[in-house]
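Take a look at the structure below.
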Amino acid sequence: MTGPKKGGEAGYLRIATEEAFATVEMLQSFDRVLDGGDPDPGFLSLMGFYMRHKSERATWVFERLKDLGALRIADMDARGIDIQVIGLTSPGPNILDADTATGVTRDANDQLAEACRKHPDRFVGMAAFAAQAPQEAAKEIERAVSSLDMRAAIINSHIQGEYLDAPKFYPVLEAIEAMNVPLYLHPNTPPRAMIGPMLEAGLDGAIFGFGVETGMHALRLITSGVLDRFPKLQVIIGHMGEALPYWMYRLDFMHQAAVKSARYDTMKPLKKGTVSNYLCENFFITNSGMAWEPAVKFAQDVIGKERVLYAMDYPYQCPVEEVVAMDAMEMDIKTKKMFFQENAQRLFKIRL
Ligand code: 1DF
Ligand code: MN
């Protein structure tokens with residue numbers, strides 16, 4: 001099969017918005033965590049596999065994570081991808097101690113910015129930050145956006161079992177909101193307190209655990225009231241919204257019921273009322289790992305066409321057949337162009 005052509009021949013450019021890379025320095029820090037005592041079980045399951053397993057999948061992915069040049073661009077060309085929006089792979093700095101994490105993210109942002117300068121028409125960068133050190137993270141987000149031209153901030157969900165709605169992370173959210181960039185809330189394996197039964201069944205990773213953990217994280221940002229405190233914050237979630245669009249009706253009903261009966265101290269009335277109002281006004285959704293027409297259309301229907309974006313999830317999930325399937329969706333060309341190109345252009349301020 002000859003691959004889909006890039007350059008707008010389809011009537012739109014393809015901008016893939018959840019694409020991953022790793023720096024050698026971060027991987028060295030990962031090695032130290034893997035070799036240390038009692039590593040986080042989700043981290044061991046995930047990065048223990050990609051960094052050390054001898055299978056074809058692990059070695060293929062690992063080689064590509066480290067490339068921000070010719071190999072990546074050849075893979076993009078072969079799949080018809082015009083532009084990648086790139087972020088530091090999961091779990092990124094979240095698994096590291098605060099000092100190491102802060103150093104690793106500064107260096108990773110510098111390396112990614114350098115690659116974006118070399119390939120300005122192919123790469124767009126998202127800034128990593130070490131939330132473990134919130135004040136430094138806020139400064140790094142400011143630096144990465146204003147000096148390195150990063151167009152988003154990205155975090156790999158929980159920070160060693162902590163969630164972004166905790167007040168200690170307010171400086172981070174404040175910086176992201178002030179810099180007027182979106183926050184990509186990318187998955188991580190579930191923390192120790194949650195992973196047990198999932199790991200036992202092999203369901204801790206991208207197959208399901210990612211979505212459960214990250215979907216819950218997104219919900220916490222809503223139900224905690226954090227988005228009332230930072231109302232301009234725009235959050236991107238992948239994997240077709242980590243299933244939340246499909247849950248919207250029940251989320252709204254049960255949230256209203258809990259609020260009305262004052263059942264939880266941590267669940268107070270919200271300014272916008274319902275959970276779905278936040279999903280429709282503070283969230284963007286990408287179809288990373290979910291090249292499935294009915295799911296794309298359902299999300300467009302309930303969240304809005306201007307809030308659903310294309311993503312591939314390179315190098316973890318990138319068969320060319322998925323591009324072909326998304327091209328072939330029965331969808332008017334105007335909407336399809338919003339999905340593949342225009343929504344990403346607007347959100348990431350991509351000038352063509
Ligand atoms: C996998 C999937 C790994 C995704 C990822 O980062 C990742 C995987 C370590 O297949 O194990 O980002 N993903 O987003 O679906
Ligand atoms: Mn991903």
Side-chain angles (χ1 to χ4, degrees), residues 15-23 26-27 29-31 33-34 39-53 55-67 72 75 79 81 84-96 104 108 112 124-126 128 152-159 182-191 195 198-199 201-218 235-244 284-292 295 309-319 322 344:
I15 305 177
T17 56
E18 191 201 292
E19 317 309 307
F21 87 111
T23 63
M26 181 179 77
L27 294 169
S29 301
F30 280 4
D31 267 322
V33 177
L34 287 172
D40 175 81
F43 179 66
L44 183 60
S45 169
L46 185 69
M47 279 301 134
F49 175 70
Y50 286 111
M51 293 174 66
R52 296 181 173 182
H53 205 268
S55 59
E56 192 189 338
R57 173 170 173 79
T59 51
W60 195 93
V61 165
F62 193 47
E63 185 189 1
R64 280 161 177 77
L65 275 177
K66 293 178 275 188
D67 184 279
R72 180 172 297 253
D75 282 342
R79 290 158 179 76
I81 302 301
Q84 278 196 349
V85 182
I86 303 174
L88 201 52
T89 197
S90 192
N94 298 25
I95 198 71
L96 306 172
V104 159
L112 180 56
V124 169
M126 296 192 273
I154 183 168
I155 189 162
N156 296 292
S157 198
H158 75 91
I159 309 106
L183 170 66
Y184 207 119
L185 184 65
H186 184 278
N188 190 353
T189 44
I195 200 171
M198 293 194 215
L199 187 56
L203 296 172
D204 52 299
I207 185 172
F208 193 67
F210 272 23
V212 173
E213 202 282 327
T214 309
M216 183 194 70
H217 196 162
V235 183
I236 310 169
I237 44 177
H239 316 99
M240 227 57 258
E242 312 296 1
L244 296 180
F284 287 82
I285 284 174
T286 83
N287 82 315
S288 53
M290 199 67 111
W292 195 25
L309 283 69
Y310 174 68
M312 179 166 252
D313 209 14
Y314 179 88
Y316 295 102
Q317 186 174 338
C318 51
E322 295 193 346

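Quantities reported herein were computed from a predicted structural model and do not represent experimental measurements. All ligand and atom numbering here is 1-based and tracks the order in the structure.
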Report, as a single number, the protein N, O or S atoms less than 2.8 Å from the Mn ion (ligand 2). 3
With side chains defined as the heavy atoms from C-beta onward, is the minimum distance between Phe43 and Asn188 less than 4.5 Å? no
Of all the heavy-atom pairs spanning Pro91 and Met47, show the shortest one and how long it is. CD-CG, 3.9 Å
Determine whether Ile95 and Asp40 make a side-chain contact, defined as any pair of heavy atoms from C-beta on separated by less than 4.5 Å. yes
Listing by chain and number, which residues have a heavy atom under 4.0 Å from ligand 1? Glu18, Leu46, Met47, Tyr50, Arg57, Thr89, Ser90, His186, Ala206, Phe210, His239, Asp313, Tyr316
Is the backbone of Tyr316 close enough, under 3.5 Å, to the side chain of Arg57 for a donor and an acceptor to pair up by distance? yes
Testing the 3.5 Å rule here: is there a donor-acceptor pair between the side chains of Tyr184 and Thr286? yes
How about Val124 and Ile86: do any of their side-chain heavy atoms sit closer than 4.5 Å? no
If you round to the nearest 0.5 Å, how far is CG of Asn287 from CE of Met312? 9.5 Å
Could you tell me whether the side chain of Phe21 reaches within less than 4.5 Å of the side chain of Leu88, counting heavy atoms only? yes
Thr214 vs His239 side-chain heavy atoms within contact, under 4.5 Å: no
